[in-house]
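As the structure lists them, so they are numbered: ligands from 1, and atoms in each ligand from 1. Only heavy atoms go into these numbers, but all of them, side chains included; no hydrogens, no water, no symmetry mates. This structure is a prediction, so every number in the text was calculated from the model and none was measured.
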Amino acid sequence: MKLVLLGAPGAGKGTQGEMLTAKLGIPIISTGNILREAVRNATPVGLKAKDFMDKGLLVPDDVIIGIMAERTARDDCANGYILDGVPRNAAQAEMLEANGITVDKVLLIDVADDVIERRMTGRRTCSKCSAVYHIISKPPRVEGICDLCGGELVVRADDKPETVRDRLAVYHSQTEPLIEYYGDKVVKVSVPETSSVAETGELVCKALGID
Ligand code: AMP
C-alpha cells in the first residue's frame, strides 16, 4: 500500500500514521520529522530549511524531492509506505510521480480550522525523538518529559498561534488542491472535535477497509 496522508497541520496525520504503520507493517515517512532532525543536526538541508519552517512556509520543492528520493530508495519501502506531510502542493505530487514514487490511496483527515487552532496550542513535541503529545488529549506520564526517550517536551516554533494561522493559510492555498489532483484515490474521514485518538483511528481503519 502506498498511502498519502492529507490534512491540515495538526489534523492528526502523524498520530494516525503511527497507528497505520504498526498495522500495515510499512514505514511512515514524515518530511516534517526529517527536516526537524536536519535542523537539529545543522546539516546543509537543515540550514536551508530552518527559516521557512520557523515562518510556517513551505521548504523549496527541490529540497523535498531530494529527501524523498533518498528515503524511498531504502529497503524498508519495498512493500509500500505512508507519506505524512508530503506532497504539499501539485508540483511536489508531479515530481514524486516523475521519480517513480507512486500513490495508491490518499487518506484525507478533515478537521475544521478552529478545532485545529485549539489543538495545536496544546501540542508538545519531544526535542530528541519528535514524539508528539498533547497537554489534554495525550499527556506524557511525567509533565514535560517524553515517555519514550526521556527527552524534553517543547512547543514547536511553528505551533505558536500566529504561525499556526499562517500554516493553515498555506494548507488551504497550496495543499488542499491536491484533493482534486488525486481525484478518486481520495478517501475522506471527517473528524468531529470530540473524537478521541482511538475513535479517529476506528474511522480511519473503516475508511481504508482495514481491521
Ligand atoms: P509538518 O510537521 O509536516 O507540519 O511540517 C513542518 C514544516 O516543515 C512545514 O510547515 C514546512 O515548513 C516543512 N515541510 C514539511 N514537509 C514539507 C513538504 N513536503 N514541503 C515543503 N515543506 C515541508
Side-chain angles (χ1 to χ4, degrees), residues 2-18 20-21 27-72 81-99 101 103 106-109 111 113 115-117 119-134 153-179 181-182:
K2 294 172 174 174
L3 180 68
V4 166
L5 303 180
L6 200 59
K13 302 187 296 295
T15 306
Q16 296 304 326
E18 290 303 332
L20 289 170
T21 199
I28 183 161
I29 302 176
S30 157
T31 41
N33 283 350
I34 293 171
L35 288 167
R36 278 184 287 279
E37 197 185 335
V39 169
R40 269 199 303 278
N41 295 331
T43 66
V45 163
L47 295 175
K48 223 171 167 182
K50 187 176 186 316
D51 278 355
F52 294 99
M53 293 175 77
D54 284 349
K55 291 186 187 130
L57 300 173
L58 294 185
V59 171
D61 295 337
D62 58 322
V63 175
I64 301 298
I65 297 308
I67 289 173
M68 290 301 294
E70 190 273 320
R71 181 62 190 87
T72 54
Y81 37 72
I82 300 168
L83 305 187
D84 167 13
V86 63
R88 277 299 229 277
N89 57 30
Q92 288 184 15
E94 283 163 8
M95 281 196 248
L96 290 179
E97 249 176 80
N99 281 274
I101 306 168
V103 171
V106 176
L107 176 74
L108 171 62
I109 305 182
V111 180
D113 281 10
V115 177
I116 298 265
E117 286 188 33
R119 270 191 195 177
M120 284 176 79
T121 44
R123 186 150 88 162
R124 300 290 179 271
T125 305
C126 177
S127 55
K128 253 167 113 184
C129 76
S130 300
V132 179
Y133 299 84
H134 190 278
L153 302 185
V154 296
V155 178
R156 270 167 45 180
D158 57 353
D159 280 347
K160 303 213 164 87
E162 45 308 351
T163 318
V164 168
R165 277 190 286 275
D166 290 344
R167 292 171 70 200
L168 280 170
V170 169
Y171 172 73
H172 290 303
S173 66
Q174 299 198 45
T175 311
E176 219 166 37
L178 287 175
I179 298 170
Y181 177 92
Y182 283 118

What residue and heavy atom of the protein are closest to [atom], and at what distance?
atom	value
atom 8 (O) of ligand 1	M53 CE, 3.4 Å
atom 18 (C) of ligand 1	R88 CG, 3.3 Å
atom 12 (O) of ligand 1	L57 O, 2.5 Å
atom 16 (N) of ligand 1	T31 OG1, 2.8 Å
atom 4 (O) of ligand 1	R167 NH2, 2.6 Å

Nearest 0.5 Å, please: how far is [atom2] in [Y] from [atom1] in [X]?
X	Y	atom1	atom2	value
L58	Q174	CG	CD	4.5 Å
R167	T175	CZ	OG1	10.5 Å
K13	L6	NZ	CG	7.5 Å
R36	T125	CZ	OG1	6.5 Å

Residue part near ligand 1, for L58, under 4.0 Å between non-hydrogen atoms = both
Hey, does the side chain of [X] reach the backbone of [Y] with a donor-acceptor pair shorter than 3.5 angstrom?
X	Y	answer
T21	G17	no
D159	V155	no
R119	G10	yes
E70	G66	no

Under 4.0 Å from a heavy atom of [X]: which atoms of ligand 1 are those, numbered in the order shown and with their elements?
X	result
V86	19 (N)
Q92	18 (C), 19 (N), 20 (N), 21 (C)
G85	16 (N), 17 (C), 18 (C), 19 (N)
L35	8 (O), 13 (C), 14 (N), 15 (C), 23 (C)
G32	2 (O), 5 (O), 15 (C), 16 (N)

Using distance alone, decide if ligand 1 has a nitrogen or oxygen within less than 3.5 Å of any nitrogen or oxygen in V59.
-> yes
For N33 and ligand 1, does the shortest N/O to N/O distance drop below 3.5 Å?
->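 No - when backbone and side-chain N and O of N33 are compared with those of ligand 1, no distance drops under 3.5 Å.
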Checking side chain to side chain contact (heavy atoms under 4.5 Å, CB included) against V59, which of L35, T31, V45 comes through?
-> L35
Mind checking whether R156 has a heavy atom under 4.0 Å from ligand 1?
-> yes
Within less than 4.0 angstrom of ligand 1, does R36 place any heavy atom?
-> yes
I29/I82 under side-chain contact (heavy atoms from CB on, under 4.5 Å): CA gap, chis, key distance, verdict | CA-CA 6 Å; I29 302 176; I82 300 168; over 6 Å; no
